[in-house]
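See structure below.
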Amino acid sequence: MNRYRAASVAALLFVLTLPSQSSAQVDALEQEAFQQATALAGPSIVRIETIGGRDVVGELITGTGPTTGVIVGSDGYVITSSFNFIAQPAQILVTLPDDRRFTAEVVARDTSRMLTLLKIDVDGLEPLQATPRDKLQVGQWSLALGRTYSNTFPNLSVGIISALGRIDGKAIQTDAKVSPANYGGPLVDIEGRGMGILVPLSPQKSDETAGVEWYDSGIGFAVPLEDIYAVLPRLKAGEDLSPGLMGVTFEDTGPLAGEAKIEQVRPLSPADEAGLKPGDVIVEVNDQSVDRIPRLKQVLGARYAGDTLNVAVRRDEEVVRTEVTLVAELSAYEPAFLGILPTRLPLEAEATGIEIRHVYADSPAATAGLQKRDIITAVDDTPVSTPEELLAEVSRKLPAASVTITWQRGETEQSAEVTLGTVPNELPEQLPAASIPAPDEEAERPEQGHLSRQLAGDERRYWAYVPDQLNLDYDYGLLVWLHPAGDTMESDVLQQWRAICERRGIILVGPKAGDISGWTPDDAGFVKAVIEEMRQTYPIDPARIAVHGFAEGGGFAHFVGFRNRELIRGISTVAAPIRIPPPTNTPEYRLQFHFISGEEDALAEAIEETVEGLRKMGYPTSAITLPETGRVYPDASTIEALAGWLDQLDRI
């Protein structure tokens with residue numbers, strides 16, 4: 001410990017051990033301790049300026065002011081927050097505490113912790129000493145430093161460490177003020193050592209602006225500096241570090257989730273290659289006991305792609321051990337396809353197998369000889385009695401996988417080996433509607449026909465059309481209409497869809513934007529609440545819930561669909577390419593797309609590119625291009641085709 005650091009500690013101890021001191025004396029001694037800690041860290045703190053780049057990223061207007069970095073190598077290495085470069089600047093400048101200024105190059109990025117390593121051409125710098133991780137304690141003084149306002153002395157904000165192991169074990173939490181002004185700067189202890197590097201992070205999000213909304217809120221995060229030094233050689237070598245993915249899902253991942261019982265294993269993922277199976281319970285990772293999912297997230301959160309883990313799972317009554325090497329990206333998932341559409345039985349019917357409503361031409365099922373009204377009873381050696389069970393078995397396979405399908409035709413049981421295919425993008429021209437019988441006239445039913453409603457506690461309204469022949473013994477599809485800016489199109493859409501809803505068993509609902517001039521991200525919660533209310537009131541098939549929008553409403557449909565993947569199974573848009581990055585296709589959130597565009601629409605080319613991009617990502621994506629048509633809502637025949645797409649969302 002050098003004499004300055006020793007003096008700093010002595011000053012603080014002096015404060016703590018002299019309760020009889022006057023308040024003014026205590027304040028003065030605290031101030032002196034904070035100033036000394038800052039002075040100790042000061043030589044390692046640099047100013048960063050950027051030139052050029054984007055003005056807006058997502059919904060965030062990027063700043064142009066100076067930010068902060070920390071020296072981590074005497075030979076010119078500087079670590080800082082990646083947030084400082086989301087504008088993708090053309091040039092980065094680093095100013096040292098002695099006012100020397102250098103052009104910096106990006107060496108590598110840590111996308112798990114949102115850090116960037118820079119290199120400037122200079123030697124003899126003073127790296128910041130790290131606080132040992134085992135010395136970090138909740139309640140400890142913490143000073144958030146930056147070098148943005150003056151190059152003479154760092155700007156600082158004082159607080160304490162309010163939590164450890166945040167963001168899946170990757171960050172320290174502090175109540176010191178953290179903002180874009182000191183992102184990339186250090187969080188230091190009272191001895192002037194670096195506890196961590198200040199970054200915007202979010203427990204819920206992982207995009208490049210995640211956590212920025214919390215700045216100066218009393219909740220700030222810093223990546224432990226000791227952890228950064230541990231991977232610094234990899235960063236210096238130019239290796240970008242990414243979060244490590246295993247390829248498993250769990251039914252519940254909330255803070256109160258229980259044991260880590262695997263729900264699904266992604267085909268071709270590290271977990272799949274390591275032999276992990278649905279139903280396995282992860283009980284240990286790298287000799288660390290795992291009793292609950294939050295604990296597993298703590299253990300895995302700090303790992304990078306490329307790391308190999310020793311994993312122990314409980315399978316039945318045995319403990320099975322294996323090695324899993326994490327990856328940055330899972331292989332694109334493309335759902336396997338058998339080629340049947342199940343019959344929709346009454347809700348109370350006892351299911352003993354999956355009755356076939358329709359066999360797709362040229363599909364694996366057709367090749368195997370399956371026919372309408374056959375009843376599928378098993379996949380390989382696994383009995384299946386419901387469409388959900390059959391879908392789960394097929395979803396675990398990859399296209400081109402061979403399975404044995406067993407089915408009942410009359411009194412005869414048959415089986416055949418089937419090579420699964422891919423979900424076709426082209427839809428059959430004719431798909432007869434699945435008839436729903438008329439309800440019992442004496443049955444009490446919720447409101448039907450054209451409705452206008454308001455959610456409790458919300459000024460926004462929505463309208464709906466519920467088939468007059470609503471039969472509560474059957475599930476219905478739900479189509480959520482998202483209108484374009486400035487016009488709800490309620491009358492026109494209702495006129496086009498009323499007969500289709502009756503014929504195909506569809507409930508149509510039209511939320512209205514809070515401001516008729518256009519949708520805002522805040523409206524997404526309202527749309528979700530409307531869907532939930534409809535599900536509570538009417539029998540809705542969770543496999544056939546889709547959002548459908550025209551023009552600006554189409555763009556909002558993509559936003560709503562991507563944000564609520566646990567609810568939405570289909571997204572259909574007219575005259576609307578995707579403007580935001582689509583999520584990765586995953587088996588647990590089955591999602592299908594349908595696009596309609598006019599050949600003469602200025603957006604036609606962008607829509608075509610969107611369709612191609614989604615297909616490459618493995619999403620089943622159908623498209624209709626209307627010849628000699630501009631940007632208009634389509635006619636009745638095209639809407640009928642769209643209704644057919646909605647009617648097939650539960651195909652297997």
Side-chain angles (χ1 to χ4, degrees), residues 168 244-301 303 308-327 330-331 333-338 342 351-354 376-399 401-406 418 420 542-543 565-566 569 584-591 650 652:
D168 296 339
L245 302 176
M246 182 184 288
V248 297
T249 62
F250 304 96
E251 185 175 354
D252 181 11
T253 58
L256 301 179
E259 63 181 9
K261 185 175 182 179
I262 296 174
E263 181 184 43
Q264 292 198 39
V265 177
R266 174 78 71 86
L268 300 181
S269 68
D272 186 33
E273 293 175 354
L276 297 184
K277 299 179 178 179
D280 287 349
V281 179
I282 299 176
V283 295
E284 188 179 295
V285 176
N286 281 6
D287 298 325
Q288 298 181 64
S289 176
V290 172
D291 57 347
R292 299 171 57 240
I293 287 178
R295 173 59 181 159
L296 177 64
K297 293 169 72 174
Q298 287 275 322
V299 174
L300 295 180
R303 305 294 176 178
T308 297
L309 310 177
N310 295 311
V311 177
V313 300
R314 188 178 71 241
R315 182 178 299 163
D316 299 325
E317 300 302 320
E318 298 182 18
V319 173
V320 179
R321 297 183 180 276
T322 186
E323 285 190 346
V324 179
T325 300
L326 305 178
V327 296
L330 298 173
S331 301
Y333 170 74
E334 185 172 10
F337 186 59
L338 176 59
T352 57
I354 299 90
I376 297 175
T377 57
V379 177
D380 291 332
D381 297 326
T382 304
V384 291
S385 57
T386 67
E388 293 77 17
E389 292 176 358
L390 176 59
L391 177 63
E393 289 301 317
V394 173
S395 296
R396 293 186 185 124
K397 312 293 183 184
L398 292 173
S402 294
V403 296
T404 300
I405 300 294
T406 302
V418 174
L420 298 175
R565 297 195 65 190
E566 77 286 359
R569 292 291 170 264
T584 302
N585 191 14
T586 60
E588 62 272 25
Y589 296 127
R590 185 180 169 95
L591 184 61
D650 55 342
I652 300 172

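Because only heavy atoms are used, hydrogens play no part in the values below, and waters and symmetry mates are left out as well, while side chains stay in.
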Roughly how far, to the nearest 0.5 Å, is [atom2] of [Y] from [atom1] of [X]?
{"X": "Glu263", "Y": "Asp280", "atom1": "CD", "atom2": "CG", "result": "13.5 Å"}
{"X": "Leu420", "Y": "Leu398", "atom1": "CG", "atom2": "CG", "result": "9.0 Å"}
{"X": "Leu300", "Y": "Gln288", "atom1": "CG", "atom2": "CD", "result": "9.5 Å"}
{"X": "Ile354", "Y": "Ile405", "atom1": "CD1", "atom2": "CD1", "result": "9.0 Å"}
{"X": "Tyr333", "Y": "Arg266", "atom1": "OH", "atom2": "CZ", "result": "8.5 Å"}
{"X": "Asp650", "Y": "Leu391", "atom1": "CG", "atom2": "CG", "result": "9.0 Å"}

Worked verdict on Asn310 versus Asp287 for side-chain contact (heavy atoms from CB on, under 4.5 Å): CA-CA 8 Å; Asn310 295 311; Asp287 298 325; 5.8 Å; no
Under the side-chain contact (heavy atoms from CB on, under 4.5 Å) rule, what do Leu296 and Val290 come out as? Steps first, then yes or no, please. CA-CA 6 Å; Leu296 177 64; Val290 172; 3.7 Å; yes
Less than 4.5 Å apart, side chain to side chain, heavy atoms only: is that true for [X] and [Y]?
{"X": "Val313", "Y": "Leu276", "value": "yes"}
{"X": "Glu259", "Y": "Arg314", "value": "yes"}
{"X": "Leu390", "Y": "Val379", "value": "yes"}
{"X": "Met246", "Y": "Ile282", "value": "yes"}

Please check if atom CD in Glu318 has more than 12 non-hydrogen atoms from other residues, nucleotides or ligands closer than 6.0 Å.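 No, the 6.0 Å shell around CD holds no more than 12 heavy atoms from other groups.
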Do you know the tightest heavy-atom contact between [X] and [Y]?
{"X": "Pro270", "Y": "Leu330", "answer": "CD-CD2, 3.8 Å"}
{"X": "Asn286", "Y": "Leu309", "answer": "OD1-CA, 3.4 Å"}
{"X": "Ile293", "Y": "Ala260", "answer": "CG1-CA, 3.6 Å"}
{"X": "Pro383", "Y": "Glu389", "answer": "O-OE1, 4.2 Å"}
{"X": "Pro399", "Y": "Pro335", "answer": "CG-O, 3.9 Å"}
{"X": "Gly275", "Y": "Arg315", "answer": "O-NH2, 3.0 Å"}

Would you check if there is a donor-acceptor pair between the side chains of Thr308 and Thr325 at a distance under 3.5 Å?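 Distance-only check passes for Thr325 and Thr308.
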Indicate whether the side chain of Ser269 and that of Glu273 have a donor and an acceptor atom separated by less than 3.5 Å.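 On atom types as modelled, these side chains do not qualify, holding no pair under 3.5 Å.
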Between Val311 and Glu284, does the side-chain contact (heavy atoms from CB on, under 4.5 Å) criterion hold? Intermediate values first, please. CA-CA 6 Å; Val311 177; Glu284 188 179 295; over 6 Å; no
Backbone N or O of Val403 within a donor-acceptor pair of the Asp380 side chain at under 3.5 Å?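 Here the side-chain-to-backbone pair does not exist.
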Has Arg565 got a side-chain atom pairing as donor or acceptor with Tyr589's backbone, closer than 3.5 angstrom?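 A pair under 3.5 Å: yes.
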Between Phe250 and Ile262, is a side-chain contact (heavy atoms from CB on, under 4.5 Å) present by the stated rule, with each step listed? CA-CA 5 Å; Phe250 304 96; Ile262 296 174; 4.0 Å; yes
